[in-house]
Amino acid sequence: MTVGTDGSSSARKAVTRAAEVAADSGARLMIVCAYEVRDATTDRDQAESERALGDEAYKIIGSSPAEETLRSARDDAMRAGATQVDTVAVQGDPTDAIIDKSELYNAELVVVGNKGLASFAGRLLGSVPQGVSRRSKADVLIVHTV
């Protein structure tokens with residue numbers, strides 16, 4: 001089973017639900033966190049995008065915050081009952097990261113939160129749950145998190 005996180009409260013709810021399902025079924029849980037590397041030339045464009053998208057612009061920038069996000073998510077998953085929890089930080093797009101890792105580890109279920117499905121940014125740019133549900137070869141559980 002695979003779940004994505006960006007550290008947001010919505011993603012934490014998805015991780016907890018995935019952990020509950022993993023605990024109930026005895027499944028191994030892979031928590032994926034995608035991150036971006038920011039450089040000076042993209043800072044201005046990133047700032048403008050974040051202002052335009054507001055709360056929808058939550059992203060992990062750099063591998064250190066991603067690793068901390070994964071440690072926290074692993075703790076949440078263990079508290080929710082999961083006993084076999086792996087984590088991986090992946091540079092790049094969140095949808096690609098979740099799909100790639102779920103295929104690599106032969107996940108039978110991919111869990112994502114519903115944040116972004118009905119938002120302006122989600123309709124304009126597409127959302128992670130939308131992309132995962134379209135592209136995943138495994139079953140997808142979209143958790144009501146917002």
Measuring from [X]:[atom1] to [Y]:[atom2], what's the distance to the nearest 0.5 Å?
| X | Y | atom1 | atom2 | answer |
| --- | --- | --- | --- | --- |
| Asp76 | Lys13 | CG | NZ | 12.5 Å |
| Cys33 | Gln91 | SG | CD | 12.0 Å |
| Thr2 | Leu104 | OG1 | CG | 9.5 Å |
| Asp75 | Arg12 | CG | CZ | 9.0 Å |
| Asp93 | Tyr35 | CG | OH | 14.0 Å |
| Glu20 | Thr16 | CD | OG1 | 6.5 Å |

So which atom in [X] and which in [Y] form the shortest heavy-atom distance, rounded to 0.1 Å?
| X | Y | answer |
| --- | --- | --- |
| Leu29 | Ala18 | CD1-CB, 3.9 Å |
| Ala23 | Gly81 | CB-O, 3.2 Å |
| Gly4 | Val15 | O-CG2, 4.4 Å |
| Glu67 | Ala89 | OE2-CB, 3.4 Å |
| Ala138 | Val110 | CB-CG2, 4.1 Å |
| Ala11 | Asp6 | CB-OD1, 3.4 Å |

Should [X] and [Y] be regarded as members of a common hydrophobic cluster, given that ILVMFWY residues are connected when their side-chain heavy atoms come within less than 4.5 Å of each other, either directly or indirectly?
| X | Y | result |
| --- | --- | --- |
| Val111 | Met78 | yes |
| Leu109 | Val132 | no |
| Val112 | Leu70 | no |

(message) Any side-chain to backbone donor/acceptor pair from Asn114 onto Thr145? Under 3.5 Å, distance only.
(response)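 Side chain of Asn114 to backbone of Thr145: a pair is present.
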(request) State whether the side chain of Ser72 and the backbone N or O of Thr69 hold a donor-acceptor pair below 3.5 Å, judged by distance alone. (result)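 It does not hold such a pair.
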Measure the shortest side-chain to side-chain distance between [X] and [Y] over non-hydrogen atoms and say whether it is less than 4.5 angstrom.
| X | Y | value |
| --- | --- | --- |
| Val3 | Met30 | no |
| Ile31 | Val85 | yes |
| Leu141 | Asp139 | no |

(request) Answer yes or no: does atom CD of Glu108 have more than 12 heavy-atom neighbours from other residues, nucleotides or ligands under 6.0 Å? (result)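 No.
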Please tabulate, one pair per line, all N/O donor-acceptor pairs under 3.5 Å involving side-chain atoms of residues 94-101, not counting sequence neighbours.
residue : atom : partner : partner atom : Å
Asp96   : OD1  : Arg135  : NH1          : 2.7
Asp96   : OD1  : Arg135  : NH2          : 3.2

